[in-house]
Amino acid sequence: MADYRARLQSKMEKGEEKEDTSLPPSPYAPIGSDADEGHPVQTQEGREGPQFFAAFAATLGNLVMGTSIGWSSPAGPLLAKTEQEDGFNLTDDENSWVGCLMPAGALLGGQVGGLLMTKLGRKGAMMTGAAMFAISYLLLVVAPNVWVIYVGRFCTGVCTGICSIVCPVYVAETATASRRGFLGSCVQLMVTFGVMLVIVVGVCGSWRWISISCLVMIVVWMIALIFVPETPAHYLSQKKYREARESLEWLRGTVHVDQEYQDILKSVEESAKLSAGLGDLFSSSNLAPFIISLWLMLGQQFSGMNAVMFYCVSIFQQSGSSLNSNVANIIIGGVQIVATIFAALVMDKAGRRLLLNFSSSLMVISIGALGAFFYIADNLGDEDLAKKIELLPVASLSLFVFAFSIGFGPIPWLMMSELFSPEVKSLASSISTTFNWTLAFLVTKFFTTMVAAVTEAGAFWMFGGFTILTFFFCFFFVPETKGKSLDEIQQLFRSEKPYFFNIGPWKVCRGEEAEDRRALVQEEF
């Protein structure tokens with residue numbers, strides 16, 4: 001700990017001499033330009049097309065990841081059919097293993113992804129993940145029994161863990177600062193498209209065709225990856241300076257990249273100098289962000305979202321609604337896509353705190369309403385009332401998915417990247433991600449057990465009860481990071497007074513102006 005603090009203090013107090021690794025401006029035209037044909041070289045501003053294509057190629061991996069997350073929702077009921085109907089007569093317990101083996105594999109995949117990024121680079125890790133995904137889905141296509149299904153699901157989980165780490169890093173390292181927020185939001189958006197893909201294909205009634213459609217998307221992903229470069233940051237970490245420069249020129253569509261090249265080089269060198277151990281997470285300035293990140297992950301998973309997405313078709317079937325369960329599932333998937341787009345548009349305007357509190361409030365109402373429907377249907381014996389509210393499951397789940405997608409879907413991951421100081425970010429993010437996937441495994445595995453023990457109503461009300469606790473935690477202890485630089489966020493936690501004294505409710509109690517009363521959108525003139 002003392003050594004870590006000494007190194008950090010030394011870094012802040014003085015600069016260190018370093019080897020001059022800068023390159024002169026390239027005499028060549030940007031890679032892929034038309035300069036060879038006599039056309040003028042691109043202007044200094046460059047083009048945004050290459051970085052958009054690079055982000056698209058990378059986030060196709062998140063789309064494939066989404067197919068893995070959503071696969072068991074349409075496939076689970078199909079696997080429960082008889083062998084004559086191409087099923088395996090799976091019980092509820094066996095189907096719970098089909099669902100939970102994916103997040104179990106993702107626990108391992110997150111660690112594998114970090115290793116692959118270091119050894120093979122970001123692009124190499126994505127290519128490897130795509131190949132592993134193809135093999136995993138091929139196992140599901142040809143599966144002769146449930147044990148091969150289990151293996152295939154675990155393997156898709158490993159690949160999902162790899163993608164959850166590698167693809168966002170590639171997007172962040174190839175996007176400009178002005179486009180990083182927008183392109184970063186596309187990561188979660190592509191996951192929702194992947195979920196929607198398997199839901200729509202699931203209407204055909206074959207879990208094998210669902211897997212085949214996923215294979216097709218993997219092939220598209222691999223082809224797209226062929227045409228994009230490795231990230232400049234990885235090349236610089238390997239001291240491949242010319243390759244880094246060429247990659248940056250391709251991504252920006254211009255040879256005028258000197259300043260950005262130097263900025264990336266400086267960032268890579270500083271990251272290499274600073275490191276921290278597990279004990280440093282418990283220092284006064286790092287412990288609060290660590291606890292906030294873990295609780296947000298806890299709130300994300302214990303809201304019940306994974307249980308809803310993994311067993312969505314089954315929930316609609318058990319509700320007895322006259323609406324076709326697959327159609328209802330498509331409605332839910334469509335709501336998730338719209339909500340994710342909405343969240344991307346308002347994230348930097350509304351702020352994290354407002355969206356988290358609004359999200360958790362709506363989730364409590366909607367999941368409580370869903371529990372009320374099952375309570376009425378199972379206990380009151382009023383068939384007329386149950387028939388009148390038969391659309392309540394679709395309405396409540398649509399509201400629940402919307403609420404989750406604008407707040408607790410993207411924000412825990414976003415704030416994980418904002419809260420931690422650079423020297424502990426890698427370690428803390430790894431622990432938070434592992435914690436998240438562990439909770440996902442527990443929720444998906446034991447949801448059916450919860451239903452058997454306390455009924456559907458009790459299970460959904462338990463999720464709602466925990467989300468109430470999450471609401472109060474966010475209201476009192478989660479700071480606003482909108483519009484703040486990383487250094488400003490760190491100063492908040494390094495202050496002598498408790499950081500939460502700067503949060504709205506506490507400032508009101510102390511007679512200070514609440515930050516939450518500031519204008520939601522500030523116009524610039």
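Residue numbers count from 1 along this sequence.
Q301 has its side chain within reach of N436: a pair of non-hydrogen atoms, C-beta onward, lies under 4.5 Å apart. Proximity of V401 to M305: side-chain heavy atoms (C-beta onward) are separated by under 4.5 Å at one or more points. Taking the side chain as every heavy atom from C-beta outward, F447 and F463 approach each other to under 4.5 Å. R153 places a side-chain heavy atom less than 4.5 Å from the side chain of S68. Using a 4.5 Å cut-off on side-chain heavy atoms (C-beta onward), W207 and I149 make contact. Side-chain contact between K445 and W97: present, with at least one pair of heavy atoms (C-beta onward) separated by less than 4.5 Å. In this structure the side chain of I218 reaches within 4.5 angstrom of the side chain of M222, judged on heavy atoms. Here the side chains of I135 and M132 are not in contact, with every heavy-atom distance at 4.5 Å or above.
Within 6.0 Å of NZ in K240 there are 12 or fewer heavy atoms belonging to other residues, nucleotides or ligands.
Nearest heavy-atom pair across F402 and A339 is CD1-CB, 3.4 Å. Taking both residues in full, the closest heavy atoms of V166 and G113 are given as CG2-O, 3.9 Å, listed atom of the first, atom of the second, then distance. Shown here for S303 and T467, the closest heavy-atom pair between the two residues is CA-OG1, 3.6 Å. Taking all atoms of both residues into account, the shortest heavy-atom contact from Y170 to K123 is CD1-N, 4.4 Å. Taking each heavy atom of F408 and T470 in turn, the nearest pair found is CZ-CG2, 3.2 Å.
Side chain to side chain, Q111 and T434 meet the donor-acceptor criterion of an N or O pair below 3.5 Å. Looking only at atom types and distance, the side chain of S211 has a donor-acceptor partner in the side chain of W71 under 3.5 Å away. Between the side chains of T448 and N95, no donor-acceptor pair of N or O atoms lies under 3.5 Å.
Taking the six-membered ring for Trp and thresholds of 30 and 60 degrees, F290 and F420 have ring planes inclined between 30 and 60 degrees apart. The aromatic rings of W147 and Y150 sit perpendicular to each other, their planes meeting at more than 60°, with 30° as the lower class boundary. Taking the six-membered ring where the residue is Trp, Y137 and F133 present parallel rings, their angle staying beneath 30° rather than reaching 60°.
Of the possible polar contacts, one joining the S237 side chain to the H234 backbone as a donor-acceptor pair under 3.5 Å is found. No donor-acceptor distance shorter than 3.5 angstrom exists from the side chain of R122 to the backbone of E230, with no hydrogens or angles considered. When atom types are taken as modelled, the side chain of R252 and the backbone of P50 share no donor-acceptor pair closer than 3.5 angstrom. Formation of a donor-acceptor pair under 3.5 Å by the W221 side chain with backbone atoms of A57 is found in this model. The main-chain N or O of S429 is never found under 3.5 Å from a side-chain atom of S432 such that the two would form a donor-acceptor pair. At distances below 3.5 Å, not a single donor-acceptor pair connects side-chain atoms of S359 with backbone N or O atoms of L356.
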